[in-house]
Amino acid sequence: MTTACATEAPTRYLIPRVNVIENVDQVLIEAELPGVDKSNLTLEVKEGELTLVGKRSNGSREGSYVMRERAAADYRRVFALSNAIDPTRVEAEMKEGILTITLHKTERVKPRKIVVN
Amino acid sequence: MALVRWKNHGEMSPWSPLRDLEGQFNRLFGELARDYDLSDRGWSPAVDLKESEHEYTLVADLPGMKREEIDVTVVDNTVTLKGERKHETESKEDGYHCIERRYGSFERTFEIPGGFKADKISAHFDNGVLRVTLPKRDEAKPKQIDVKVN
């Protein structure tokens, strides 16, 4: 209803895994961004789209790889926001490599109880 | 699993294009199995193993895990990473639009060529990335020996 898990074609970016959860008045996006520090993260809301870019710090360049599975690329993902989301109220929190974005629904779509007289 | 030295592209040998292809296939299917959970063993973190002159460094992506949920054990020349990732929030009223994150337990064991000093290991967990530093044993370090030529 509110947030499509839209993804742009990746060019040298990794697409982070996300969970998108909706409750009565919010939509939460949890994104896995291991190795991304808070200071290397940008979130932008523009023209109905939320863009997330996270730069990964790859540690020391010293030494050679014996085994390599972790991709040396940054993260990027774009989410389409429906008009049920208030674009002016976006909150984000980073913890142990998980970014949680809280999107608030507009008053218009929130359920309201009507008292019958 | 067996550890194979990471190869850089551009190695010159008549067989290198084939070996390269083999490596890419193995990596592709390894990644697919990891990403799509074909192995039915829950999830498995991506890990790098780096070697420098004095130490080995094991780096694992463990986003969303807590320090106390990660278990690092060493036996002989092997290091085992173990842990369980649980759902942080679970509520019946919430509706999921998509669930791509994986939960459950994992266990991976790595053999470190030449071993390490077990009493000098240190581990750090930062931004969801675990870094285990394994100092090399003195006999595994490169040594310079002067050979007299008469």
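The figures here come from the full heavy-atom set of this structure, side chains too, leaving out hydrogens, waters and symmetry mates. Below, chains carry the letters A, B, ... as their sequence lines are ordered, and counting in each starts from 1.
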Asker: Determine, step by step, whether Arg85(B) and Glu96(A) satisfy the salt bridge (Lys or Arg N to Asp or Glu O under 4.0 Å) criterion, reporting the C-alpha distance in whole Å, the side-chain angles of both residues, the deciding distance to 0.1 Å, and the verdict.
Answerer: CA-CA 12 Å; Arg85(B) 185 158 60 190; Glu96(A) 309 288 29; over 6 Å; no
Asker: Are Phe125(B) and Val129(B) in one and the same hydrophobic cluster, where Ile, Leu, Val, Met, Phe, Trp and Tyr link if side-chain heavy atoms are under 4.5 Å apart?
Answerer: no
Asker: Is any side-chain heavy atom of Cys98(B) closer than 4.5 Å to a side-chain heavy atom of Val18(A)?
Answerer: yes
Asker: For Asp61(B) versus Arg56(A), what's the shortest heavy-atom pair and its separation?
Answerer: OD2-NH2, 3.3 Å
Asker: Can you measure from CG (Leu49(B)) to OH (Tyr65(A)) and round to the nearest 0.5 angstrom?
Answerer: 10.5 Å
Asker: Do the non-hydrogen side-chain atoms of Met67(A) and Phe110(B) ever get within less than 4.5 Å of each other?
Answerer: yes
Asker: Would you kindly confirm whether Ile29(A) and Leu81(A) end up in one hydrophobic cluster when ILVMFWY residues are joined by side chain heavy atoms under 4.5 Å apart?
Answerer: yes
Asker: Under 4.5 Å, heavy atom to heavy atom, which residues of residues 68-81 of chain B contact chain A?
Answerer: none
Asker: Less than 4.5 Å apart, side chain to side chain, heavy atoms only: is that true for Arg102(B) and Arg17(A)?
Answerer: yes
Asker: Going through the distances and angles, do Glu100(B) and Arg77(A) end up as a salt bridge (Lys or Arg N to Asp or Glu O under 4.0 Å)?
Answerer: CA-CA 14 Å; Glu100(B) 296 169 358; Arg77(A) 194 153 179 178; 2.9 Å; yes
Asker: Where do Pro63(B) and Gly97(A) come nearest, in terms of heavy atoms and distance?
Answerer: CB-O, 3.7 Å
Asker: Are Leu14(A) and Leu50(A) in one and the same hydrophobic cluster, where Ile, Leu, Val, Met, Phe, Trp and Tyr link if side-chain heavy atoms are under 4.5 Å apart?
Answerer: yes
Asker: In the hydrophobic cluster built from side-chain contacts under 4.5 Å, what are the other members alongside Ile98(A)?
Answerer: none
Asker: Please tell me if the side chains of Tyr96(B) and Val20(A) come closer than 4.5 Å, counting only heavy atoms from C-beta onward.
Answerer: no
Asker: For residues Arg70(A) and Val59(B), determine if any side-chain heavy atom of one lies less than 4.5 Å from a side-chain heavy atom of the other.
Answerer: yes
Asker: Assess whether atom NZ of Lys66(B) is packed by more than 12 heavy atoms of other residues, nucleotides or ligands within 6.0 Å.
Answerer: no
Asker: Are the side chain of Asn127(B) and the backbone N or O of Pro34(A) linked by a donor-acceptor pair below 3.5 Å?
Answerer: no
Asker: Do Phe79(A) and Ile85(A) land in one hydrophobic cluster if side-chain heavy atoms of ILVMFWY residues count as linked below 4.5 Å?
Answerer: yes
Asker: Under 4.5 Å between any side-chain heavy atoms of Tyr56(B) and Val66(A), yes or no?
Answerer: yes
